[in-house]
Amino acid sequence: MVRILERENSILNRFIAELRDVNIQKDSMRFRCNLERMGEIMAYEISKTLHYSKRTVETPLGEVDIPLIDDEIVIATVLRAGIPFHQGFLNYFDNAQSCFVSAYRKYSKDGTFNIKIEYISACDLSDKILLLVDPMLATGASIALTYKALVEKAGLPRHTHIAAIISSEEGIEYTQKHFSPQNTTIWSGCVDAELTVKSYIVPGLGDAGDLAYGEKI
C-alpha cells in the first residue's frame, strides 16, 4: 500500500511548501523544525494503522478504559538528514526504540554511485513494527539496502512502514519491487516525477542533509 498524504489537503502541505522554498531554506533551524513537524504528522497517520486494546486508567474521580497501542515500535533512520525527521516520530512514539544507519552515496568519476553502509546501531526487530524513515526517497536503493542490513543484524520485523517527505516515482516503484507487499506500507508527503542524472529529485528540495546541517565536503 502507498499513501500520499499531500493529496488529502492538510497543514502538512504548508510544511512541504516551506521545505521546498529556496528562501525559507536559508533558515536552517526552521528547515530542521519542519522536518520534525513532518515526522509528527506522519507518526499520527501511521498510528491509525496499529493494533490497540483497552487499558484501565485511574483518574482522580474514577476509572476509564482507553484504547492504547499494543505494538512494539522501532524507528530506524538513515544518517544524517533523517535525524530531525526521526525526532518528530519519536515525539509521538515516545516509548519506541531507535536504530541508526550510516548510508551514503560513493560516486565514481563517471557520475555513477554505489550505496555504502558503514555503521549500524540496532535493537532486536523480531516481530516488531519498524518505521524506516528518511526525508527523501530518490532511487529507493538506499532504503532497500538499509532494510536488508537491519534485518541481517537485528531480525525480521512483523510490518515495515517506510516514510519519506518527498519521493520520486522511480523510488516508489523500486521500493514496491524490493519489499514484501503484504508486510510493507509506503508513506510519502508527496511524489515528484523526475530524477536528475545524479539521482536528485526534481523539483524536490535539494540536499536535505546540507540544508539541515550545512554543506559537507
Side-chain angles (χ1 to χ4, degrees), residues 1-16 33-78 82-101 120-135 137 140 143-144 146-151 153-167 172 175-176 178-191:
M1 180 183 294
V2 180
R3 293 283 305 278
I4 311 301
L5 298 180
E6 185 186 47
R7 296 172 182 172
E8 300 172 12
N9 285 341
S10 71
I11 192 64
L12 170 143
N13 290 5
R14 174 191 165 190
F15 302 147
I16 292 176
C33 179
N34 282 330
L35 290 177
E36 185 172 334
R37 293 196 287 190
M38 288 292 299
E40 290 175 341
I41 291 174
M42 288 192 163
Y44 174 76
E45 294 295 331
I46 291 172
S47 75
K48 298 176 185 178
T49 72
L50 302 177
H51 295 95
Y52 290 75
S53 62
K54 288 187 177 181
R55 317 281 175 82
T56 301
V57 176
E58 184 177 351
T59 80
L61 300 176
E63 294 182 341
V64 60
D65 290 335
I66 300 177
L68 297 176
I69 295 170
D70 291 322
D71 299 302
E72 290 187 78
I73 297 169
V74 179
I75 307 167
T77 303
V78 179
I83 294 173
F85 192 39
H86 178 107
Q87 185 61 49
F89 285 90
L90 198 57
N91 289 347
Y92 279 26
F93 296 121
D94 48 0
N95 293 322
Q97 293 178 286
S98 294
C99 300
F100 298 94
V101 178
I120 300 175
S121 173
C123 60
D124 182 16
L125 297 178
S126 302
D127 202 38
K128 297 179 181 177
I129 303 299
L130 175 63
L131 311 186
L132 188 50
V133 308
D134 193 2
L137 180 61
I143 213 76
T146 296
Y147 176 80
K148 181 180 178 181
L150 283 169
V151 168
K153 182 179 178 67
L156 186 67
R158 175 156 40 93
H159 193 94
T160 299
H161 294 274
I162 296 171
I165 297 171
I166 301 178
S167 303
I172 294 286
T175 303
Q176 288 178 303
H178 288 80
F179 284 80
S180 166
Q182 291 79 25
N183 301 314
T184 307
T185 306
I186 302 170
W187 302 78
S188 189
C190 56
V191 179

Q | Where Lys153 and Ala122 come nearest, the two heavy atoms and their spacing | A | CD-CB, 4.3 Å
Q) Hey, mind stepping through Phe15 and Ile165 against side-chain contact (heavy atoms from CB on, under 4.5 Å) and telling me if it holds? A) CA-CA 10 Å; Phe15 302 147; Ile165 297 171; over 6 Å; no
Q) Could you state the interatomic distance from OG (Ser167) to CH2 (Trp187), rounded to the nearest 0.5 Å? A) 13.0 Å
Q | Exercise: identify the closest heavy-atom pair between Arg3 and Glu8 | A | NH2-OE2, 3.0 Å
Q) So does Lys54 have more than 12 non-hydrogen atoms from other groups sitting under 6.0 Å from NZ? A) no
Q: Kindly compute the distance separating OG1 (Thr185) from NE2 (His161), expressed to the nearest 0.5 Å.
A: 5.0 Å
Q.
Testing the basics here: between Gly189 and Met42, what is the closest heavy-atom pair and its distance to 0.1 Å?
A. N-CE, 3.3 Å
(Q) Looking at every non-hydrogen atom in both residues, tell me the closest pair between Leu35 and Pro84 and how far apart they are. (A) CD1-CG, 3.5 Å
**Q.** Short side-chain to backbone donor-acceptor contact, Asp71 and Ile73, under 3.5 Å
**A.** no
Q: For Leu137 and Ser188, run side-chain contact (heavy atoms from CB on, under 4.5 Å): C-alpha distance rounded to whole Å, both residues' side-chain angles, the deciding distance at 0.1 Å, then the answer.
A: CA-CA 9 Å; Leu137 180 61; Ser188 189; over 6 Å; no
Q. Is any side-chain N of the basic residue among Arg158 and Glu72 closer than 4.0 Å to the acidic one's carboxylate O?
A. no
Q: To the nearest 0.5 Å, tell me how far Ile11 CD1 sits from Ile16 CD1.
A: 11.0 Å
**Q.** Phe89 vs Ile46 side-chain heavy atoms within contact, under 4.5 Å
**A.** yes
Q. Does the Asp70 side chain pair with the main chain of Ser53, one donor and one acceptor, at a distance under 3.5 Å?
A. yes
Q: Decide if atom OH of Tyr44 counts as having more than 12 heavy atoms of other residues, nucleotides or ligands within a radius under 6.0 Å.
A: no
Q) Do His86 and Phe100 have ring centres separated by under 6.0 Å? A) yes
Q) Say you draw a straight line from CD1 of Ile129 to OG1 of Thr160; how long is it, rounded to the nearest 0.5 Å? A) 8.0 Å
Q.
In the structure I gave you, are the side-chain heavy atoms of Val151 and Pro157 within less than 4.5 Å of one another anywhere?
A. yes
Q. Are a donor atom and an acceptor atom from the side chains of Ser180 and Gln182 found within less than 3.5 Å of each other?
A. yes
**Q.** Over all atoms of both residues, closest heavy-atom pair of Leu90 and Ser98
**A.** CD1-OG, 4.1 Å
Q. Got a second to check how far Leu68's CG is from His51's NE2, nearest 0.5 Å?
A. 15.0 Å
Q: Rounded to the nearest 0.5 Å, what's the gap from CG on Leu125 to SG on Cys99? Could you check?
A: 5.0 Å
Q: May I ask you to test the Leu131-Phe93 pair for a side-chain heavy-atom distance under 4.5 Å?
A: yes
Q. Can you check side-chain contact (heavy atoms from CB on, under 4.5 Å) on Leu132 and Leu150, steps first, answer last?
A. CA-CA 10 Å; Leu132 188 50; Leu150 283 169; 4.1 Å; yes
